[in-house]
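Have a look at the structure below, then the notes.
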Amino acid sequence: MGNKLLWLCLLTALLGYYIYSPIPEDVAQPGTVMLVSAALRALGHLSEAAELLGLTSYMEGLRLFTVLELVPPTSDENVTVTDTELSNVPVRLYLPRKAPGGLRRAVLFFHGGGWCLGDAGMRGYDLLSRRISNELNAVVVSVNYRLAPPHRFPAQFEDVYSVTKFFLQSQVLAQYEVDPGRVCVAGDSAGGNLAAAVAQQLSQDPEVKTKLKAQVLIYPALQALDLDLPSYRDNTHKPVLSRDLMVRFWSEYFTSEPALREAMASNTHIPAEAGGLLQFVNWSRWLPAGMRGAHRYSSPAVGGAGLGQSYPGLLDPRAAPLLASEARLRGLPPAYVLTCEHDVLRDDGVMYAGRLRAAGVPVTHRHATDAFHGAMTFLAWPFELALGHRLLSTCLDWLRENL
Ligand SMILES: *[C@@H]1O[C@H](CO)[C@@H](O)[C@H](O)[C@H]1NC(C)=O
Ligand SMILES: *[C@@H]1O[C@H](CO)[C@@H](O)[C@H](O)[C@H]1NC(C)=O
């Protein structure tokens, strides 16, 4: 009996230790955040173990989270929801039911998940798209682009680009009763990366006549050159997205070779070919003083001979929009950029907001000091946070004014 009790105590302590992770003090509902973090961490560990045992790959394991969260396309009183294809790419389409009373807005939405995970049909994304569609009277096209592995850059980019370009044709806009002057791209995390990249590429594409009205970048990932920015240092082990996981996502976007991941982990992957692009990730220049904290800048060590040739995506603005020249940024549509304090990707978004402004692009930058990566999709039980609703409402308010 005593023995069993001892084991029980030990097990409880272990479980408590496992679930417990320090949640930043200013983040509300720490219990919920801790549970989500623990669930994700446990799934990560199980996936690592399964990969070691040769049962499944690490990313396949993590994909279980996506699968568990999937909901079917269900229409409600306000919005008709269908899974279909546009330009041969699967999309979930949200059409407002109320009589348009004129032409509608449209939002092309790209979900997050590190180019490896996620789905337009996950509960959080489904709710988000529904609310955008209903409250803005907008057609929402939420794109299920191909994922890594097996698909690598530029497959993800090409899918979202081809859907966007297809949708922007005048006869397609007319078919959906969409005003050509009120279309935007939006995305969170890896989807914010894709939205920024699509906005850049469209403005260079002579075949596209319709211009985007806006771009919405929710805690976007924008560069993989310097993975030792202050935000990476400050938030190595914060909820949802640890530095290790972000490194894994970036490396999986380009390759399955562990060599890149290992080099990224120690930030020794910066290709010798990076040269002049380093100025665009120079945080001593692009981060406001208040966001540099106590960190001291030193130029990242350029080493990785040949890495630029092996993984050209590292230097390609379609994968790393922050590396775009000023000429490529000029004339981009007005941007809404959301960054979160407790997020490894914080500085990517802050620097991009700075670069867009310097290039004359109107920018609304919201920085949520009490938020962590992914917070905007925590919209339904058991992963519901007041923070998620607040971030979404703020973004919807901006869209109401600017789209
Ligand atoms: C339909 O729209 C109304 C008005 O915006 C809202 O109050 C209601 O909750 C919506 N219904 C659903 C199922 O979302
Ligand atoms: C980064 O910017 C600082 C000025 O803020 C400059 O002194 C330094 O040379 C720059 N380094 C690189 C690698 O661009």
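Note that ligands are numbered from 1 as they come in the structure, with each ligand's atoms numbered from 1 the same way. All residue numbers in this chain count up from 1 along the given sequence.
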> Would R355 count as a cation-pi partner of F280, with NZ or CZ less than 6.0 Å from the six-membered ring centre and within 45° of the ring normal?
Replying inline: yes
> Minimum heavy-atom separation for D343 to N235, with atom names?
Replying inline: O-ND2, 3.1 Å
> Ring centroid separation for Y145 and H111, is it under 6.0 angstrom?
Replying inline: yes
> Where does the angle between the aromatic ring planes of Y336 and W398 fall among parallel (under 30°), tilted (30 to 60°) and perpendicular (over 60°)?
Replying inline: tilted
>> If the cut-off is 4.0 Å to any non-hydrogen atom of S299, which atoms of ligand 2 fall inside it?
In response: 11 (N), 13 (C)
>> Give the atom numbers and elements of ligand 2 that come within less than 4.0 Å of a heavy atom of S284.
In response: 1 (C), 2 (O), 3 (C), 4 (C), 5 (O)
>> In the complex you have, is atom 7 (O) of ligand 2 within reach of the protein, judged by whether a heavy-atom distance drops under 4.0 Å?
In response: no
> At their closest point, which heavy atom of A195 faces which heavy atom of A186, and how far apart are they?
Replying inline: CB-C, 3.9 Å
> So which bit of N134 gets within less than 4.0 Å of ligand 1, heavy atoms only: side chain, backbone, both or neither?
Replying inline: side chain
> Is the shortest side-chain N to carboxylate O distance from D370 to R390 below 4.0 Å?
Replying inline: yes
> How far is atom 2 (O) of ligand 2 from its nearest protein heavy atom, and which residue and atom is that?
Replying inline: N282 ND2, 2.3 Å
>> Check this for me - ligand 2, Q279, N or O atoms closer than 3.5 angstrom, yes or no?
In response: no
> What protein heavy atom sits nearest atom 13 (C) of ligand 1, and how far off is it?
Replying inline: E77 OE1, 3.5 Å
> Can you list the ligand 1 atoms lying under 4.0 Å from a non-hydrogen atom of N78?
Replying inline: 1 (C), 2 (O), 3 (C), 8 (C), 10 (C), 11 (N), 12 (C), 14 (O)
